[in-house]
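Input: a single structure, listed below in structure tokens.
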Amino acid sequence: MTHFHVRFLKKICNDTGHECVTCQGEFLVENTSAGLALEEAEAAFCELRKTDRWDMFADTAEIRIAGGQEGFAPRLTGVGHPRSRAV
């Protein structure tokens, strides 16, 4: 299986009115395909935020193949999915 790094991003305006992108959550997911990994991360994000629509908190999801767990900073915790974990 492959490890995928999935991040949920939202554009917001800072106090000077400039747009910036902020990470609302990121997950390290082990799965056989990017599509399945994204579905698993979406479910984990929704469970964590207690919602059924991840797009209420983020504008987009970004997925990439993870080279390993080094360098991942903790963002969100408490996800109960066995093959995914918040990083």
**Item:** Stepwise side chain to side chain contact (heavy atoms under 4.5 Å, CB included) check, F57 with F8
**Value:** CA-CA 8 Å; F57 293 93; F8 294 90; over 6 Å; no

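- Contact check for F4 versus L28: no side-chain heavy atoms found under the 4.5 Å cut-off.
- Hydrophobic clustering keeps F45 apart from L9 (ILVMFWY residues linked when any side-chain heavy atoms are closer than 4.5 Å, directly or through intermediates).
- Of all heavy-atom pairs between A37 and I63, the closest is CB-CD1, 4.0 Å.
- Between T51 and R53, the shortest heavy-atom distance links the atoms OG1-N, 3.3 Å.
- Counting Ile, Leu, Val, Met, Phe, Trp and Tyr side chains that sit under 4.5 Å apart, directly or through other members, L36 stands alone, with no cluster partners.
- From E42, atom CD reaches atom CG of D55 across 9.0 Å, with rounding to the nearest 0.5 Å.
- Between the NZ atom in K10 and the SG atom in C20 there is a gap of 12.0 Å [rounded to 0.5 Å].
- Cluster annotation: M56 and I12 are assigned to distinct hydrophobic clusters (Ile/Leu/Val/Met/Phe/Trp/Tyr, side-chain heavy-atom contacts under 4.5 Å, transitive).
- Put simply, the side chain of N14 gets close to the backbone of G17: a donor and an acceptor are under 3.5 Å apart.
- Distance CG/N31 to NE2/H3: 10.5 Å, rounded to 0.5 Å.
- For the pair K11 and D59, the tightest heavy-atom approach, listed with the atom from each and the gap, is N-OD2, 2.7 Å.
- Listed by chain and residue number, nothing satisfies the side chain to side chain contact (heavy atoms under 4.5 Å, CB included) test with D15 (two or more places apart in sequence, or in another chain).
- Residues L48 and F27 approach most closely at CD2-CZ, 4.4 Å, considering heavy atoms.
- Remark: E62 engages R7 in a side chain to side chain donor-acceptor pair (under 3.5 Å) (not counting sequence neighbours).
- For E19 against C13, the heavy-atom pair with the smallest separation is CG-SG, 4.2 Å.
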